[in-house]
Amino acid sequence: MARSYEPHDIEVKWQSVWDAEGLYKVSEDPARPKKYVLEMFPYPSGDIHMGHVRNYSIGDVIARYWTMRGTNVLHPIGWDSFGLPAENAAIKSDSHPATWTYANIEKQAASFRRMGFSYDWDRRLASSDEEYYRWGQWIFIKFWERGLVERKSSPVNWCPSCMTVLANEQVIGDGVCWRCKSVVQKRELEQWYFKITEYAQELLDDLDELPGWPERVKAMQANWIGRSEGAEVDFKLCDASGEPTDETITVFTTRPDTLFGCSFFLLAPEHPLVARLVEGTEYAPSVNEVVAGAAKETAIDRSSTDKEKNGAFIGRCVVNPVNGEKVPVWVADYVLMEYGTGAVMAVPCGDQRDFEFARKYGLPIPPVVVPADDPLYEQLKDQTERVVTDVDWDVAHADEGIMVQSGQFTGTPTGKHGEGVTKVIAWLEERGQGHASINFRLRDWLISRQRYWGNPIPAIHCPSCGLVPVPEADLPVVLPADVDVTKGETLADHPEFYETTCPACGGAARRETDTMDTFTCSSWYYLRYCDARNDAAIWDKDKADYWMPVDQYIGGIEHAILHLLYSRFFTKVFRDMDLVDFAEPFTNLLTQGMVKLDGATMSKSRGNVVAPEDMIARYGADALRAYILFMAPPDKDLEWSQDGLDGMYRFLGRVWRYVTEVAEEPVSDSPATDAEPAKVLRRERHRVVGKVEDDIERFQFNTALSAMMELLNAATDYRRTVPEENRDVSLEREVATTLVLLLAPYVPHMAEELWREVLGVQTSVHRAEWPVWDPMAAAADEVEMAVQVNGKVRARLVVDAGASEDTVRELALALPKVAEHTEGLTVRKVLVVPRKLVSIVAN
RNA sequence: GCCCGGGUGGCGGAACAGGCAGACGCGUCGGUCUCAAAAACCGAUGAUGGAAACAUCGUGCGGGUUCGAUUCCCGCCCCGGGCACCA
């Protein structure tokens with residue numbers, strides 16, 4: 001009597017055997033094609049959750065599949081282990097961030113082993129390890145040498161709960177902190193930046209080089225980078241009496257063709273000119289009120305579109321370069337200091353915001369671009385001078401139209417990318433009053449954090465030399481262990497850390513006490529995996545060039561901008577440093593959906609968590625792995641349901657029974673006498689291998705599994721319907737073997753047990769070759785075709801797969817059902833779709 | 001407002017290049033086995049009408065192209081996500 005399927009014993013057993021055999025260790029092998037399969041490394045937050053199970057199961061199937069296809073697969077794991085939650089947890093439990101972090105890493109590592117993931121553990125890393133973060137500091141120094149590091153003062157995002165500044169990318173939704181969801185505040189602070197904006201154009205352009213990325217991620221990045229084409233235009237500032245001075249204010253505009261419609265000029269409340277120009281004038285009180293009002297607003301208020309716009313005249317004018325007209329300068333709270341130059345030429349006829357502002361303050365709205373079907377067009381079509389200064393429109397006209405009241409340009413068709421734009425820019429350039437320009441929404445990456453548990457920024461503030469990098473030879477700047485975060489301490493509270501000497505002049509100096517954003521750690525870990533134990537260099541270039549780029553990257557959509565944009569930036573800088581030979585780190589990206597319960601993301605605070613450990617305890621890791629992949633395609637959100645897991649467990653039990661039964665059957669010499677059912681089963685075997693192959697490569701793990709279920713159904717049908725003495729046992733063996741091989745990436749432990757212990761193979765199923773299939777053998781020799789009359793299926797026809805169209809047509813027309821439905825009608829047309837259907841048109 | 005997804009049985013989902021809608025699984029119902037139950041196995045299962053054969057309807061809505069549309073085109077509705085006073 002064969003054993004029944006007992007997942008727990010076999011899973012734990014094989015995990016230790018694989019470890020002992022070093023089954024998943026890999027090294028460079030130029031003779032074989034390589035693949036680098038990588039899942040985003042986890043933050044060691046505690047226990048693993050279903051999202052982890054899903055993410056890492058997807059990667060594991062892909063890694064195991066390609067290994068079986070003869071590919072040299074790198075599949076590493078590590079931890080993104082610096083970061084704020086460790087400090088918060090330490091404060092709560094009165095311990096040290098390191099204690100909490102490393103305990104969690106061990107816990108997660110144990111869970112990953114228990115899930116049977118095929119990692120090369122020798123490459124394991126943690127970003128909080130000194131041997132890792134020292135290279136992060138080295139990167140900082142190298143970026144500095146390349147002019148990509150800057151310390152500057154600007155309005156930054158401050159999270160009052162995390163007590164640190166944040167990068168723009170880390171402020172999400174309605175102006176909240178990505179990690180704790182608190183509303184962030186704006187503060188003017190001096191901080192460290194990586195100049196990611198220097199790569200803005202390339203980061204945008206190279207999205208086109210990533211066909212293996214989801215459109216939506218690329219769209220989000222393009223959106224974030226926010227490239228706008230337009231022009232910079234210089235306006236001369238007038239003095240208090242209205243006479244033009246030599247001082248100019250530059251604006252960025254995407255619509256230089258509307259310059260003739262500029263009837264006022266706007267400055268952001270934070271613009272330095274505002275305070276300077278109104279100081280001591282009669283305009284100061286009203287202007288200051290607007291400035292103060294804007295400063296008080298939270299990020300949420302400020303980004304609200306339907307908020308009423310406020311402004312005040314500052315008492316000065318600027319000269320419109322196209323017509324010499326003097327237009328009043330206002331301060332307006334809807335003008336952003338962070339975008340463009342913080343100054344805007346207002347064209348109320350063509351911009352909805354300016355339109356509203358003009359209406360509120362009674363400013364003129366001269367129409368300069370009108371659609372041909374607007375009554376104004378007839379009136380103004382040859383009008384070069386301004387005669388109309390207001391419109392009866394309800395909204396601004398921002399679309400295409402024809403230029404009017406626009407001097408020599410009158411009559412030119414124009415729009416966002418219209419002829420008018422090009423002409424006006426050329427004219428401005430000729431006269432030295434402006435030039436074509438491109439503006440990005442992307443800001444430089446603020447990387448300094450006022451927190452302890454991070455990578456210390458290797459910089460020294462010297463009173464005489466200024467900012468000095470820590471010399472390469474002095475790296476790493478070790479994060480001291482004796483900082484007590486439970487007392488709210490940071491590095492800035494530890495003189496023994498920050499008191500130092502200047503490496504340049506030797507005088508007393510102060511070490512930087514900010515640490516780096518954790519996203520700097522995760523921007524290059526995938527490269528370190530290629531050569532994780534190297535202590536002489538960040539990585540060996542040959543090794544990196546062998547394994548990289550990552551062929552398949554798998555992770556959550558929440559990093560669509562953050563981690564994925566930063567990593568692309570790092571890679572481009574590494575390329576410029578000649579550390580790598582490629583410009584994009586991740587060739588193919590799969591963003592997996594969330595695992596939900598009752599329609600909501602599982603979370604401890606919500607109390608709707610299904611613990612993977614509980615599922616493993618009941619069903620084993622194999623059933624859990626297979627089930628989470630079977631539930632839905634990987635990129636879709638899925639709703640957790642317990643019942644389906646029972647079904648998967650049942651399926652594995654049926655596979656187990658089938659394989660063990662077949663394995664016990666003696667292989668007799670008696671020839672199979674029941675040819676047709678055997679033929680069907682053999683055909684099914686070939687078809688399913690092909691289908692599973694195709695499905696895995698398209699990440700359709702759910703349909704791959706259902707194909708395996710179909711094969712098992714066919715196999716057990718055969719066993720049930722064909723009398724024992726007529727069964728082709730060698731065929732059944734082949735089917736059983738095939739099933740085990742197909743299942744190996746999904747249920748590695750059960751497959752291994754069946755392979756080695758039941759089928760008696762000496763070597764691991766995970767080193768076995770993927771089964772071969774023959775498309776000819778997978779094709780049926782008879783096919784059932786549907787016969788339609790006027791678009792409705794009226795009959796079915798079983799014909800030889802190779803039957804000619806004429807034969808099929810004749811057979812179809814001869815069917816009684818067809819005669820019935822064409823009675824009294826004339827057959828006009830008969831279409832034959834080979835092997836699919838016959839369509840008869842009659843009327 | 002702009003940009004991406006998505007809408008198919010009771011449920012998760014399938015249909016890859018315009019060709020039999022609902023594979024596979026869950027659930028439900030019926031059956032076999034059993035003293036009984038569980039497990040396991042077998043069968044049925046989109047809706048409506050019909051004893052059945054069968055017929056009609058059916059992939060968010062309305063049009064269109066086509067012999068034929070879940071699939072392509074046009075116009076909408078709803079849900080999810082991203083961006084948004086970006087000049």
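Chain identifiers are assigned alphabetically (A, B, ...) following the order of the sequence lines, protein sequences preceding nucleic acid strands; residue numbering begins at 1 within each chain.
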With respect to the side chain of [X], which nucleotide from [options] is positioned closest?
| X | options | result |
| --- | --- | --- |
| A/Trp224 | B/C85, B/C83, B/A14 | B/C83 |
| A/Lys691 | B/C16, B/C85, B/C24 | B/C16 |
| A/Asn713 | B/A87, B/G25, B/A84 | B/G25 |
| A/Asp694 | B/A21, B/C16, B/A40 | B/C16 |
| A/Val833 | B/G19, B/C24, B/G82 | B/G19 |
| A/Pro633 | B/G19, B/C86, B/A14 | B/A14 |
| A/Arg650 | B/A40, B/A87, B/A21 | B/A40 |
| A/Ser228 | B/A87, B/G19, B/C41 | B/A87 |
| A/Arg698 | B/A15, B/C42, B/A40 | B/A15 |
| A/Leu837 | B/G19, B/A23, B/A87 | B/G19 |

Distance, rounded to the nearest Å, where [X] contributes [atom1] and [N] contributes [atom2]:
| X | N | atom1 | atom2 | value |
| --- | --- | --- | --- | --- |
| A/Phe651 | B/G27 | CZ | C1' | 19 Å |
| A/Tyr619 | B/G25 | OH | P | 18 Å |
| A/Glu820 | B/A53 | CD | C1' | 10 Å |
| A/Met648 | B/G27 | CE | P | 13 Å |
| A/Arg657 | B/A40 | CZ | P | 8 Å |
| A/Lys596 | B/G80 | NZ | C1' | 8 Å |
| A/Ile172 | B/C83 | CD1 | P | 8 Å |

Would you please name every residue forming a side-chain contact (heavy atoms from CB on, under 4.5 Å) with [X], sequence neighbours left out?
| X | result |
| --- | --- |
| A/Val833 | A/Lys836, A/Leu837 |
| A/Pro155 | A/Lys186, A/Glu188 |
| A/Arg719 | A/Tyr658, A/Glu661, A/Val662, A/Glu665, A/Arg727, A/Glu732 |

Verify the contact: side-chain N or O of [X] to OP1 or OP2 of [N], cut-off strictly under 4.0 Å; return yes or no.
| X | N | answer |
| --- | --- | --- |
| A/Gln700 | B/A14 | yes |
| A/Arg353 | B/C86 | yes |
| A/Asn223 | B/A84 | no |
| A/Arg654 | B/C41 | yes |
| A/Lys792 | B/C54 | no |

When only distance counts, do a donor and an acceptor, one from the side chain of A/Lys829 and one from the base of B/C67, lie under 3.5 Å apart? no
Output yes when A/Lys218 and A/Glu215 qualify as a salt bridge under the 4.0 Å nitrogen-oxygen rule, no when they do not. yes
Does the gap between the ring centers of A/Phe355 and A/Trp393 come in under 6.0 Å? no
Please confirm whether A/Trp640 and A/Tyr627 have ring centers closer than 6.0 angstrom. yes
For a quick check under 3.5 Å, do [X] and [Y] share a side-chain donor-acceptor pair by atom type?
| X | Y | value |
| --- | --- | --- |
| A/Trp224 | A/Glu169 | yes |
| A/Asn439 | A/Ser228 | no |
| A/Arg828 | A/Asn790 | no |
| A/Asp257 | A/Thr414 | yes |

All N/O donor-acceptor pairs, side-chain side in residues 684-692 of chain A, below 3.5 Å, sequence neighbours left out:
residue: A/Glu684; atom: OE1; partner: A/Arg687; partner atom: NE; Å: 3.1
residue: A/Glu684; atom: OE2; partner: A/Arg687; partner atom: NH2; Å: 2.8
residue: A/Arg685; atom: NE; partner: A/Glu734; partner atom: OE2; Å: 3.1
residue: A/Arg685; atom: NE; partner: A/Thr738; partner atom: OG1; Å: 2.8
residue: A/Arg685; atom: NH1; partner: A/Val772; partner atom: O; Å: 2.9
residue: A/Arg685; atom: NH2; partner: A/Thr738; partner atom: OG1; Å: 3.3
residue: A/Arg685; atom: NH2; partner: A/Val772; partner atom: O; Å: 3.2
residue: A/His686; atom: ND1; partner: A/Asp774; partner atom: N; Å: 3.0
residue: A/Arg687; atom: NH2; partner: A/Glu710; partner atom: OE1; Å: 3.2
residue: A/Lys691; atom: NZ; partner: A/Asp695; partner atom: OD2; Å: 3.2

With pairs taken as Watson-Crick or G-U wobble and both distances under 3.5 angstrom, which stems of at least three consecutive pairs involve RNA chain B? B:1-7 with B:77-83, B:10-12 with B:24-26, B:27-32 with B:40-45, B:46-49 with B:54-57, B:60-64 with B:72-76
Please list, pair by pair, any protein nitrogen or oxygen found under 3.5 Å from a nitrogen or oxygen in nucleotides 4-12 of chain B.
residue: B/G12; atom: O2'; partner: A/Met631; partner atom: O; Å: 2.6

Taking any heavy-atom pair under 4.0 Å as a contact, classify A/Arg794: base, sugar-phosphate, or nothing. sugar-phosphate
Whole-angstrom distance between B/A47 and B/C41, as gauged at atom P: 25 Å
Result for 5'-nearest mapping on RNA chain B, choosing between A/Met709 and A/Met220, is A/Met709
Classified by glycosidic angle (syn within 90° of 0, else anti), B/A17 comes out syn
Kindly label the base of B/G46 as syn or anti, based on whether its glycosidic torsion lies within 90° of 0. anti
